[in-house]
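In what follows, chains are A, B, ... by sequence order, proteins preceding strands, each numbered from 1.
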Amino acid sequence: MDKAKILIVDDDPDLRRALKIRLRANHYDTVQASDGYSAISVAQKEQPNLIILDLGLPAGDGFVVLERLQNSDTLSSIPVIVLSARDPLSNEQKTLQAGATAFFQKPADNNELLDVIRATLPGTWRGTALPS
Amino acid sequence: MNNGHTHILLIEDNPGDADLVRLRLVEGGSTVEVSSVNRLADGLASMAKEPPSVVLLDLNLPDSRGADTFRKVLEEAPGVPVVILSGQDDEVLAMKALHQGVQDYLVKGDITSRHLDRAMRYAIERQGLTRSLEMSRQQQLEFKNQFLSHVSHELRTPLTCIHQFVTILLDGLAGDINPEQRYHLGTVLNSVHQLRAMIRDLLEATRAESGKIRIEPRCITIGDLIQQAVSMMAAAAKEKQVGLEVGLDTRIPFVYADPDRVLQVLINLIDNGLKFTPPGGSVMVRACMVEADPNMVYLSVADTGRGIGPEAKALIFERLYQDPNSIDNSCAGLGLGLFISKELVELHGGRIWVASEVGNGSTFSFTLPLYSLAKLLSPVITYEGRLRDAIVLVKVELTPLSNPPRSNWKDVCRQSLHTLHRCVYLDKDLVLPVMRNAGSNETFFVAASTDLERSEIMMKRIREQLEAGAGFKAAGVLKVSATAVLLPSARDGQPLEELVRAVAERITETTMLALASKPDLENASGHRSAMKN
């Protein structure tokens, strides 16, 4: 069966590597982007089922990415989970208003993050993440 | 002195003394402009119109006497330097004035022109210094806030990496590990959690200091919150071999507080209790009512630890306070937890204190206000000492489109509540505190000072604004309805408070009824959610 594909957008290569290991262990496919600009082009090319997005990014920060995703016919339906070191007090509401599904502050609890990923993925993918 | 031009306001009712001061000023050859008034009220009015360079103030005026006189001047114009003209016999008062912000004092009858000129010039200079000191203090506070916010962000990034890879190793995602390796990695993970808590406290304390912490009180069941805190700390208690127990007074009514913040305080106090209690001891969390103080609930966290000495007791809620005995063992922290707890409790209108004896454990207690709808309603449904003519209860129901709801449902509901607050008039409408949070349907109520016909406008606004919220239409449906609240007919001499209480009771009945009778989707699908009343 096909696996759900998750796009990881973060400028820290170590963190991308860690998330990749964690997500693959939970039966997800991953693709990556390291800045705001390539986030959009990779999303267009790969058509992921979900995006994990950092806020502080070179070449267009997370809010710019959220706006471009929202304004795109082909990408606006992809759910986005924001994973950022920024203060939730001043950023959580803002990201949700900008169209994100959830906000996690780094470092986030792995199980909570995986739960939300599982619940957020569009219907057909929901079951595939569970170990058979 | 601005533009080399000095304007002196002389507030003095004795014409002889006023003339003498003018004479001395002329003698000194100072190029000053003097305006004089003989009543405090006139002086304050003149200062409001155009702040003088310096005020010469007699304390005993027809409309004010003694310390009141300079207090009023300092209050009205905190930036203007004040020099007091005192009689021979009230130098004690003059000294007091200096401590409260007056720049200088001159004893009448002892004034030479050189004396007067110097006193005024120095007063103006000193006031300027004070002002720039205050400005740089503000700038420093702002700088510190920005700095700490930046530092905490930068610290979180590498911490996230450590956290990620330690959990990857611990979860066996990079191959099997032996028990000893697991033990060591567990220690690393604990340190990561500690570091994360410290970074959070650092930001939180800065916010508290600059008054930026916000609380969102709702109507809560305190027993549930205590159970939640205790279950969150159960693992830590077990590990330390310290008993963790709960003692609840079952008669406690609803409490009006921010559940997240109260949980934060409880966890902080329990964590402290566990830290300072040796294995075999216990930590007890209690909540009770106290007859002498019927509007508050009393919560306490008692431990059987080593206790606190009197000198530490006085300082323990201060920012950065460290128990000097705890530096050498693993109990040290940043010394911010109790400071933050105190700020949070006081934001709720409660107080926090500690009772302890060395060797006999400590009991930290705090109070929180009980929920009273009448108290919240009173300012919005009364006007000029009487009830408003009409009050309407608007019901806003949010039902998720799917079961189970989309994962962002809670966020959508929270967002909607925020939006709802912006749809009402603060002085005459009240968004009622959310009563319970079980199940996925969310119902909010607004008590609005309007009649049914005019409430249509508000309902239209609520519909439009809420449905425009991010992700709302994809997640749920909205129903807005209104019912008129039957107002009690005021009998002669019936106190307003009683009328407000009667309205509050009717509103409570209506909301309870509405919540109880709503179609219960949860039950139909097997999720039995207990009513928390």
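- Results of the side chain to side chain contact (heavy atoms under 4.5 Å, CB included) test with B:Arg261 over B:Leu266, B:Leu347, B:Ile213 single out B:Ile213 as the only residue that passes.
- Looking at B:Asn190 and B:Thr187, their side chains never bring a donor and an acceptor atom within 3.5 Å of each other.
- A donor-acceptor pair under 3.5 Å is absent between the side-chain atoms of B:Asp271 and the main chain of B:Ile267, judged by distance alone.
- Contact of B:Arg214 with chain A is made through the side chain alone, with heavy-atom distances under 4.5 Å.
- A:Phe63 carries A:Lys94 over the face of its six-membered ring, with the cationic atom under 6.0 Å from the centre and within 45° of the normal.
- Highest contact tally toward chain A, considering only B:Leu155, B:Leu203, B:Leu173, is held by B:Leu173 [criterion: heavy-atom pairs under 4.5 Å].
- Pairs of residues two or more places apart, or lying in two chains, that qualify as salt bridge (charged side-chain N to carboxylate O under 4.0 Å, His left out) and include a residue from residues 138-162 of chain B are B:Lys144-B:Glu209.
- With a 4.5 Å cut-off on side-chain heavy atoms, A:Thr101 and A:Leu96 do not count as touching.
- Within residues 157-168 of chain B, the residues approaching chain A closer than 4.5 Å by heavy atoms are, in numerical order, B:Thr157, B:Leu159, B:Thr160, B:Cys161, B:His163, B:Gln164, B:Phe165, B:Thr167, B:Ile168.
- Looking at A:Asp12, only its side chain comes within 4.5 Å of chain B, counting heavy atoms on both sides.
- One side chain, B:Glu204 or B:Gln264, offers a donor N or O that lies under 3.5 Å from an acceptor on the other.
- Chain B forms the most heavy-atom pairs under 4.5 Å with one residue out of A:Gln105, A:Gln93, A:Gln70, A:Arg24, and that residue is A:Gln105.
- Although no hydrogens or angles enter the test, the distance criterion places no donor-acceptor pair under 3.5 Å between the side chain of A:Lys5 and the main chain of A:Tyr28.
- Proximity to chain B (any heavy atom under 4.5 Å) is shown, for A:Ala100, by neither the backbone nor the side chain.
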